[in-house]
Amino acid sequence: MPTNTWNRFQQHLCHCPEIGLWLDISRMNFDDEFLNRMEPAMQQAFDAMLALEQGSIANPDEGRMVGHYWLRTPTLAPTPEIQQQIESTVDLIESFSADIHSGKICAPGNKTFTKLLIIGIGGSALGPQFVADALGNSTDKMTPYFLDNTDPDGMDRVFSQIGNLSDCLVIVISKSGSTKETRNGMLEAQAAWQRAGLDFSKQAVAITGNGSQLDKLAVAEGWITRFPMWDWVGGRTSVTSAVGLLPAALQGINIRELLRGAQTCDQITRSRIATFNPASLMALMWHHATGGNGDKDMVMLPYKDRLLLFSRYLQQLIMESIGKQLDLDGNVVGQGLTVYGNKGSTDQHAYVQQLREGVHNFFVTFIEVLQDRQGSSMQVEQGVTSGDFLFGFLYGTRQALSEKGRESMTITVERIDAATIGALIALFERTVGLYASLVNINAYHQPGVEAGKKAAGTVIELQKKVQAFVQGHADLPSPEKVAEAIGVPEQVEIVYAILRRLQSH
Ligand SMILES: O=P(O)(O)OC[C@H]1O[C@H](O)[C@H](O)[C@@H](O)[C@@H]1O
């Protein structure tokens with residue numbers, strides 16, 4: 001670590017007053033020439049980003065444009081139709097939310113909807129969950145609940161938390177409209193509504209691609225309405241589309257402010273001067289810290305409870321985007337950037353011991369929020385508040401880590417509000433895009449996810465065969481015999497697992 005940290009801090013502090021954000025990279029130990037060395041690659045990354053924003057096929061494998069930046073600046077969209085679709089959808093979200101809040105669109109028995117059940121997974125849940133938790137308050141217009149898994153007990157728990165379903169609006173979110181976990185959550189919800197003597201379709205809304213299975217179902221069953229999910233918006237970058245905006249608007253969050261924060265951050269991060277652009281600086285730091293091949297993990301440490309879910313959201317945004325076997329030229333590269341973390345100071349009492357003294361395989365991104373709370377604080381010690389301690393723990397940990405040669409960046413924001421959350425989302429989206437260019441990969445497809453889905457389908461098919469076979473047998477044959485009998489001797493291990501599960505029911 002250079003001894004003159006103040007000079008280095010001043011030299012490398014990037015301040016963006018338009019979004020109330022500072023990025024300090026001084027405690028990343030890159031050498032004086034690093035930024036110059038990377039400049040040609042960075043300029044190429046800016047070129048690729050410009051082409052993407054102009055509507056190039058930036059996701060070549062899937063032959064798709066990548067349009068999440070248009071969602072915040074519709075005038076950038078490559079066609080007037082797309083611009084119009086984006087603008088009219090935001091208008092529709094606002095008018096629909098107003099009608100729900102005023103009771104114009106109401107629940108059975110003229111009840112006003114006060115609860116919101118969001119059913120989705122991956123990019124169709126993580127963004128809405130993050131925004132809901134970061135910006136939610138006890139005064140919200142509607143209380144959000146989420147089904148984001150096919151875990152039966154998990155769903156029962158959510159249904160019991162919701163209690164009376166009659167004033168609960170349901171939003172089923174799936175870009176493809178065919179994701180099994182989401183389908184199962186919807187079927188379980190429909191069954192719960194039926195048990196309660198309620199008509200699910202009168203309380204349900206879909207956000208999905210035009211003509212998807214979910215879209216067709218919503219039309220056939222006469223759901224309240226549908227909102228679009230476009231082919232050119234990826235799931236993990238969909239939080240500023242209807243996917244994130246509809247739940248947020250219904251909850252009572254100011255979505256125009258969220259979009260404004262994202263848009264302003266987009267403007268700033270379009271700068272081709274890397275040192276003025278926090279997204280390019282972060283991408284460069286990811287490259288420096290990991291050798292451009294994921295050698296180190298990124299630990300996210302926001303010192304703010306409201307940002308607890310940010311690392312979960314970023315796990316998908318970053319790891320599904322960067323974690324790729326092949327680069328754009330088809331070379332096997334095995335790229336990735338592992339992300340984990342929860343919040344400080346809580347994590348200091350969990351794994352920070354290892355960060356300081358154990359295996360040195362990470363760098364940290366701290367997030368500091370200047371505003372402690374709405375209103376004033378009591379003193380927990382003479383002249384000192386709880387927020388002062390939160391600040392002290394952040395800077396203390398940062399110092400303790402850098403004394404041991406552990407690198408960190410610090411993002412400081414003025415406060416947590418809708419515009420700041422929009423800006424943070426946009427900042428990391430842009431960083432991912434620029435970094436993907438630096439390491440020459442397609443950030444916008446996810447070929448690896450399909451393998452797990454296909455394998456799960458095979459297991460379900462096998463279970464059906466095992467069930468059919470054992471029904472005809474009073475005494476349960478051995479797994480080997482069952483596997484043999486149904487013609488899959490090589491699958492005996494999974495047959496054993498299926499039998500064990502069936503016996504436990
Ligand atoms: O929105 P859906 O089509 O239901 O997809 C939900 C999720 O499914 C898969 O896991 C993809 O890898 C994710 O990127 C996506 O967000």
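Whatever order the structure lists ligands and atoms in, that order sets their numbers, starting from 1. Keep in mind it's a predicted model, so treat the numbers as computed, not measured.
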Novice: Mind checking side-chain contact (heavy atoms from CB on, under 4.5 Å) for E188 and listing every partner two or more places apart, or none if nothing turns up?
Specialist: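 side-chain contact (heavy atoms from CB on, under 4.5 Å) check on E188 returns M155, F159.
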Novice: Parallel under 30°, tilted from 30 to 60°, perpendicular over 60°: which one fits the rings of W193 and F200?
Specialist: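 Aromatic pair W193/F200 classed perpendicular.
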Novice: Apply salt bridge (Lys or Arg N to Asp or Glu O under 4.0 Å) to E493 and list each qualifying residue two or more places apart in sequence or on a separate chain.
Specialist: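 Partners of E493 by the salt bridge (Lys or Arg N to Asp or Glu O under 4.0 Å) criterion come out as none, since no residue qualifies.
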Novice: Taking only residues two or more places apart in sequence, or in another chain, which ones meet Y496 in a ring pair (Phe, Tyr, Trp, His ring centres under 6.0 Å)?
Specialist: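 If we apply the ring pair (Phe, Tyr, Trp, His ring centres under 6.0 Å) test to Y496, skipping adjacent residues, there are no hits.
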Novice: Ligand 1: which residues have a non-hydrogen atom closer than 4.0 Å?
Specialist: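 For ligand 1, the contacting residues are I121, G122, G123, S124, S174, K175, S176, T179, Q316, E320, Q446, V449, K453.
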Novice: Could R226 and D215 be called an ion pair, given the rule that one side-chain N must be under 4.0 Å from one carboxylate O?
Specialist: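 D215 and R226: salt-bridged.
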Novice: Under 3.5 Å, side chain of S311 to main-chain N/O of G341, donor-acceptor pair present?
Specialist: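 Yes: the side chain of S311 pairs with the backbone of G341.
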